[in-house]
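For ligands, and for the atoms within them, numbers begin at 1 and follow the listed sequence.
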Amino acid sequence: MANTLHSLSAPSGTHRPKRIALLGATGSIGENTLRVIAAHPGELELVAVAAHGRHAELAQIIKTHPTVRHATLFTEPGHAALRESGLSPHVKLHAPGIEGLESLANLPEVDCVLVAVVGTAGLRPALAALAAGKDLALASKEILVLAGPFVMAAARASGARILPVDSEHNAVFQCLQGHAHAELRRVTLTASGGAFRDWPSERLADVTPADALKHPNWVMGPKITVDSATLANKGLELIEAQCLFDLRPEQCAAVIHPQSIVHCLVEFTDGAMLAQLCPPSMTFPIQHALLYPRRGAKGTDAALPLDRLLKLEFRPADEGRFPMLRLARETMQAGGVAPAIYNAANEVAVAAFLAGRLPFLGIPRVVERTLAALPSSPVSELSAVLAVDAESRRVAGEQLVSS
Ligand code: MG
């Protein structure tokens, strides 16, 4: 009798590499994705890349990845600079803007589209990838927060898979393999607690942008680093998890876990919990999503050093100290366009904080006032959600003055 376990875990026969389109190649997720692809030659192949405006960096990526055949830059000036930089004749430069992102997401030779575009620009390309039946490796939070029902419906319609790249959602996805939805009782996402986890509450009023950008565990962009200090990042992730795993608001919870080693706790109806553990490096969820359903023959980064002392600590996530968590819960309960308002108001408030125009504690105040000022109507169609997004930004801008 052949060793069944062994034959299950071995790669099944010959296979061609999975071909990847990477939208958002020059950000921190993009950088990690390039490392994962480089660490898995023969398994993953980069064929299309897009970035926002950093043309020199994108040109460098194209040069170091000779498998790339398609590229674009979102901004007009960046696009023009990339065109003038003399791309290889093997590389087709697609249109700038959302149109170009969509055409990359639609390429017949692409198997998996990784969307790591900041903001709402990734939405239409994500929907295009799903409509074309491609795997969507999803890193951009805004897409599910804004348009979750549309994105999930697009995946159901074509049978395409959504593979979460965010570490917590990827962790939940891993824990749910082989379990029926009805067996799921609760999903708890862990939060590092951000830069001010151990600060006394009274000091939070004086927090500067420089303080907020010192994240204890993860190296990320400025917006998400501030979001992890306010726990708005966890709030957005709870909203995403609700949508992605079809949960009721009361089935979604957060807990502070300073070490960022356990990424989720999934509780089942029998009371048992499964957790997913790995070092706090984005290469783990990225390689899982890109190689799924297979496991890589090796990891991109070193695994947990279990021969050393690992301390795993959990503390309650206090909604009084982290009002963005309370607002996220209320947002999930309100449903409809409330998550879109929460997201837009938070973006406006964080930008104002980073520009020195809003105190740290003003961030939740702006979000709360914007949510109160706008009705949370049900979601009718995609264009209505995008209109609410724009309106929320305008209203949040007005709240800045008084917060
Ligand atoms: Mg996360």
What pairs with Arg248 under salt bridge (charged side-chain N to carboxylate O under 4.0 Å, His left out), at least two apart in sequence or on another chain?
-> Glu250
Please indicate whether Glu183 has more than 12 foreign heavy atoms, meaning atoms of other residues, nucleotides or ligands, lying under 6.0 Å from its CD.
-> yes
Assign the ring pair Phe173 / His288 to parallel, tilted or perpendicular, where the plane angle (0 to 90°) is split at 30° and 60°.
-> perpendicular
Results of ring pair (Phe, Tyr, Trp, His ring centres under 6.0 Å) for His55 - residues two or more places apart only | none
Mutual orientation of the aromatic rings belonging to Phe268 and His179 [parallel < 30°, tilted 30-60°, perpendicular > 60°] | tilted
Contacts under 3.5 angstrom, residues 388-397 side chains, donor-acceptor by atom type, not counting sequence neighbours:
from   : atom 1 : to     : atom 2 : distance (Å)
Asp389 : OD1    : Arg393 : NE     : 3.3
Asp389 : OD1    : Arg393 : NH2    : 3.0
Asp389 : OD2    : Arg393 : NE     : 3.2
Glu391 : OE1    : Arg394 : NE     : 3.1
Glu391 : OE2    : Arg394 : NH2    : 2.9
Ser392 : OG     : Val388 : O      : 2.6
Arg393 : NH1    : Glu347 : OE1    : 3.0
Arg393 : NH2    : Glu347 : OE1    : 3.4
Arg394 : NH1    : Glu398 : OE2    : 2.6

Metal environment of the Mg ion (ligand 1), protein N/O/S under 2.8 Å | Asp166 OD1, Glu168 OE1, Glu237 OE2
